[in-house]
**Q** 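Sending over a structure as structure tokens; questions will come in a sec.
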Amino acid sequence: MASVASLSASVQQRVSAALAAAVPSAVDADPLLRRSDRADFQANGVLGLAKKNKANPRELAAQVVAGLPADELISEIEVSGPGFLNITVSDAAITTTLAARAADDRLGVPLTADPGTTVIDYAQPNVAKEMHVGHLRSSVIGDAIAKILEFEGETVIRRHHIGDWGTQFGMLIQYLIEHPHELDHADADTDGEASMSRLNRTYKAARTLFDADEAFKDRSRKRVVDLQAGEPETLALWQRFVDESKIYFYSVYNKLDIAIQDDDIVGESAYNDMLVETCRILEDTGVAVRSNGALCVFFDEIKGKDGEPVPLIVQKADGGFGYAATDLSAIRDRTGNLKADTLLYVVDARQALHFRMVFETARRAGWLTEEVTVKHLPFGTVLGKDGKPFKTREGETVRLVDLLDEAVERATVVVREKNEELSDEEVAERGAEVGIGAVKYADLSTSLGRDYVFDLDRMVSLTGDTSVYIQYAFARTQSILRKAGAARAVARPELPLAPAERALGLLLDEFGDALAGVADTYEPHKLASYLYAVSSAFATFYEQCPVLKPETPDDVRENRLFLCTLTGRTLRQGMTLLGIHTPDQL
């Protein structure tokens, strides 16, 4: 496993050294290198350096050019405008660098120099409740970020903070005590829909009785006390609801092609034994104070519409604990026991104020130190075609499983129309991969804070910025390689590159930089955008650079097969990190 310096990094290093040679005080000066439509790269750092040193920028730029070493990396460099450097790398440098990437299992992507431990909190369904479209983004975004961080070398601990505690369980448990067969099913029954049907039936019946029968309501409230006290029978029945819900959760996540492990599910209940101590520490240290019987944390800068401070309520006046107590206890566990130095929360934007107050409280208490990075990664809403939050025609929240099933149905039609040679079994398999991939990509290709419209017709389209377009580009690389037969894929640095080959090659070299950008900012849409750009460049390459035509010279064919191979590997690795399959045939 060997990391490969990208062409941009190599150019950056050389220009930085030339800047330092021209202006000795400018050690480690940033050349402000970026991709350019005028050349391969443009360096804009000379202007600022010239201004700082009261020098003529074009003269300084000329000095920098003169100081660049004569090697095989840069083929052309010109001074443009007031001192911009337009830099073109050589064809040989492109092919040689790509060959080094191809020789490595990780495509030359380096492991992070200083890996740490990241706890990422995402995919937070609620026990005994159906998952709906609102659970989609947290699950898909969190899974992709976790995969990318792990690929970069970070130790990642997944935490699914499921809603498995609270007053509604008193009602459910009491109902199950009085109707003991309500959740019965065969031991071999692991069907998620059947599980959800049992849970729904039980919840509705319990709610109806709770609303109509005061005596049952009183028994239910006493049962909450038993649950919080850890009474064995109550806990055992609570566990039945959790286990039944897990059958359902796993079925949905299996359909969504997201792996969920039992050890990763650490819900609200896991912190129950810490809540009293959390409150005691906050009160003893003065971080929290009693206000009208409740334990509260106040913030001078956070006020309501009436101008009065809005507190974070850690413990209610009746002694009950809210989400704040659980979230603060989770921070104590994640920094104290798990030794995490980064905490990520993939939770929708509506919780921004809550997390802002929780994080500040944890800092005041000393549970979040300067050595710990904590980030709330808020995301926007999934909208319907009317631009409003996605609902059914009856105004109900859309069930996640229904949405996924419809996506697979639409994609299956597209796959069958595209390739009539596939068997029914292959069509079904490809339909699932394309349909689920389409849903995930539409989500991941949207920047976190933005809302997006859920439009299946667009999502499963073979054109435009869709997962299907990228999957089709990958499948085309594999088709070319199959048809090539015994022809070899060999990098040929001695050959000149056509414009489309250069454009594709430069993009393939940026894979590691793209991943580093995502790992740095936790924005998966940057990887999605990169993969779409590679697919578009490959489409142009495919049109303009014949690979297998008889008139293509053997050495050119080998080099183009090499580019096809590396394109396929890059697309597959990138899509895998987004949690999306790339079928060999579509």
Side-chain angles (χ1 to χ4, degrees), residues 1-8 10-11 39-41 70-76 88-109 418-419 421 469-512 530-575 582-586:
M1 180 169 53
S3 62
V4 179
S6 66
L7 291 165
S8 63
S10 297
V11 171
D40 294 332
F41 302 99
D71 57 24
E72 296 183 352
L73 176 62
I74 297 174
S75 65
E76 183 180 349
T88 301
V89 295
S90 69
D91 291 349
I94 294 174
T95 305
T96 300
T97 302
L98 294 183
R101 294 198 177 284
D104 179 50
D105 290 341
R106 291 174 51 84
L107 298 172
V109 177
K418 188 66 183 173
N419 193 338
E421 297 177 2
Y469 180 79
I470 298 172
Q471 287 169 322
Y472 186 65
F474 172 80
R476 180 171 271 171
T477 67
Q478 302 311 292
S479 175
I480 292 172
L481 295 174
R482 284 193 301 271
K483 292 176 181 177
R488 298 186 307 159
V490 182
R492 296 290 188 183
E494 70 276 10
L495 293 178
L497 296 176
E501 292 174 308
R502 283 184 59 86
L504 177 59
L506 286 167
L507 271 172
L508 292 174
D509 182 54
E510 292 178 6
F511 182 51
Y530 167 78
L531 296 173
Y532 176 64
V534 170
S535 300
S536 299
F538 180 74
T540 302
F541 163 83
Y542 180 81
E543 293 171 2
Q544 298 180 5
C545 303
V547 180
L548 300 178
K549 286 188 176 180
E551 60 269 25
T552 302
D554 289 347
D555 55 353
V556 174
R557 177 181 298 111
E558 289 177 346
N559 200 57
R560 288 176 179 174
L561 283 172
F562 163 73
L563 286 173
C564 289
T565 302
L566 188 57
T567 298
R569 286 179 60 192
T570 302
L571 291 178
R572 169 161 277 175
Q573 181 65 76
M575 291 289 268
T582 44
D584 288 351
Q585 286 180 283
L586 279 182

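Values reported hereafter were calculated over all heavy atoms of this structure, with side chains retained and with hydrogens, waters and symmetry mates removed. Each residue takes its place number in the sequence, starting with 1.
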**Q** Measure from the ring center of Tyr472 to the ring center of Tyr469 and say whether it is less than 6.0 Å.
**A**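 Centroid distance Tyr472-Tyr469: not below 6.0 Å, so no.
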**Q** As an exercise, state the distance from CG of Leu561 to OG1 of Thr477, rounded to the nearest 0.5 Å.
**A**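 Nearest 0.5 Å value for the CG-OG1 distance: 11.0 Å.
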**Q** With rounding to the nearest 0.5 Å, note down the distance linking OG1 in Thr97 to CG in Leu73.
**A**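 One finds 7.5 Å between OG1 of Thr97 and CG of Leu73.
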**Q** side-chain contact (heavy atoms from CB on, under 4.5 Å), that's the test. Do Val89 and Leu506 meet it? Break it down for me.
**A** CA-CA 10 Å; Val89 295; Leu506 286 167; 4.1 Å; yes
**Q** Donor-acceptor pair, Arg106 side chain versus Ser3 backbone, under 3.5 Å?
**A**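 Side chain of Arg106 to backbone of Ser3, a donor-acceptor pair under 3.5 Å: no, none is there.
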**Q** What's the shortest heavy-atom distance between Cys564 and Val547, and which atoms?
**A**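 Smallest interatomic distance, heavy atoms only, reads SG-CG2, 4.2 Å.
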**Q** Atom CZ in Phe474, atom OG1 in Thr582: separation rounded to 0.5 Å?
**A**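 Rounded to the nearest 0.5 Å, the CZ-OG1 separation comes to 4.0 Å.
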**Q** If you look at every heavy atom in Leu586 and Asn419, which pair is closest and at what distance?
**A**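 That would be O-ND2, 3.3 Å.
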**Q** Can any side-chain N or O of Arg569 pair as donor or acceptor with the backbone N or O of Ala102 at less than 3.5 Å?
**A**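 Yes; at least one donor-acceptor contact below 3.5 Å.
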**Q** Between Arg560 and Glu501, does the side-chain contact (heavy atoms from CB on, under 4.5 Å) criterion hold? Intermediate values first, please.
**A** CA-CA 8 Å; Arg560 288 176 179 174; Glu501 292 174 308; 2.9 Å; yes
**Q** Examine distances only and state if a side-chain atom of Arg557 and a backbone atom of Thr552 form a donor-acceptor pair shorter than 3.5 Å.
**A**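 The answer is yes, because a donor-acceptor pair under 3.5 Å joins these two groups.
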**Q** Could you walk me through whether Thr88 and Arg502 satisfy the side-chain contact (heavy atoms from CB on, under 4.5 Å) test, starting with their C-alpha distance in whole Å, then the side-chain angles of each, then the deciding distance to 0.1 Å, before giving a yes or no?
**A** CA-CA 11 Å; Thr88 301; Arg502 283 184 59 86; 3.7 Å; yes
**Q** Decide whether a cation-pi geometry holds between Arg476 and Tyr542; the criteria are a distance under 6.0 Å from NZ or CZ to the six-membered ring centre and an angle within 45° of the ring axis.
**A**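 Judged by the rule (NZ or CZ under 6.0 Å from the ring centre, within 45° of its axis), Arg476 counts as positioned above Tyr542.
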**Q** With the side chain counted from C-beta on, respond yes when Asn559 and Leu497 share a heavy-atom pair under 4.5 Å apart, and no when they do not.
**A**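 Yes. Closest side-chain heavy atoms under 4.5 Å.
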**Q** side-chain contact (heavy atoms from CB on, under 4.5 Å) for Ser6 and Phe511? Distances and angles first, verdict last.
**A** CA-CA 9 Å; Ser6 66; Phe511 182 51; over 6 Å; no
**Q** What heavy-atom pair brings Phe538 and Ala473 nearest, and what distance separates the two atoms?
**A**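 Phe538 and Ala473 have their closest heavy atoms at CE2-O, 3.9 Å.
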**Q** I need the minimum non-hydrogen distance between Ala475 and Pro583, along with the two atoms involved.
**A**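 Of all heavy-atom pairs spanning Ala475 and Pro583, the closest is CB-O, 3.9 Å.
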**Q** Side-chain atoms of residues 479-493: list all donor-acceptor pairs with protein atoms under 3.5 Å, sequence neighbours left out, distances to 0.1 Å.
**A**
from: Arg488; atom 1: NH2; to: Glu558; atom 2: OE2; distance (Å): 3.4
from: Arg492; atom 1: NE; to: Glu558; atom 2: OE1; distance (Å): 3.0
from: Arg492; atom 1: NH2; to: Glu558; atom 2: OE1; distance (Å): 2.5

**Q** Just checking Glu421: does its CD atom have more than 12 heavy atoms from other residues, nucleotides or ligands closer to it than 6.0 angstrom?
**A**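 Not more than 12 within 6.0 Å, no.
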**Q** Considering all heavy atoms of both residues, which atom of Ala500 and which atom of Gln544 are nearest to each other, and what is their separation?
**A**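 Of all heavy-atom pairs spanning Ala500 and Gln544, the closest is CB-OE1, 3.6 Å.
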**Q** I need the Leu566 CG to Leu508 CG distance, nearest 0.5 Å.
**A**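 It comes to 5.0 Å.
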**Q** Please answer whether the main-chain N or O of Ala93 pairs with a side-chain N or O of Thr96 as donor and acceptor at a distance below 3.5 Å.
**A**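 No, because the side chain of Thr96 does not come within donor-acceptor range (under 3.5 Å) of the backbone of Ala93.
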**Q** Give the minimum heavy-atom separation between Gln478 and Asp584, together with the two atoms involved.
**A**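 Answer, listing the atom of Gln478 first, then Asp584: CB-O, 3.8 Å.
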**Q** What distance do Ile94 atom CD1 and Asp40 atom CG have between them, rounded to the nearest 0.5 Å?
**A**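 The CG atom of Asp40 is 5.5 Å from CD1 of Ile94, to the nearest 0.5 Å.
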**Q** Is Leu571 close to Ser535 at the side-chain level, that is, under 4.5 Å between some pair of heavy atoms?
**A**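 The answer is yes, as the side chains (C-beta and beyond) meet within the 4.5 Å cut-off.
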**Q** Can you tell me how far apart CG (Leu495) and CG (Asp555) are? Round to the nearest 0.5 Å.
**A**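 If we round to the nearest 0.5 Å, Leu495:CG and Asp555:CG are 4.5 Å apart.
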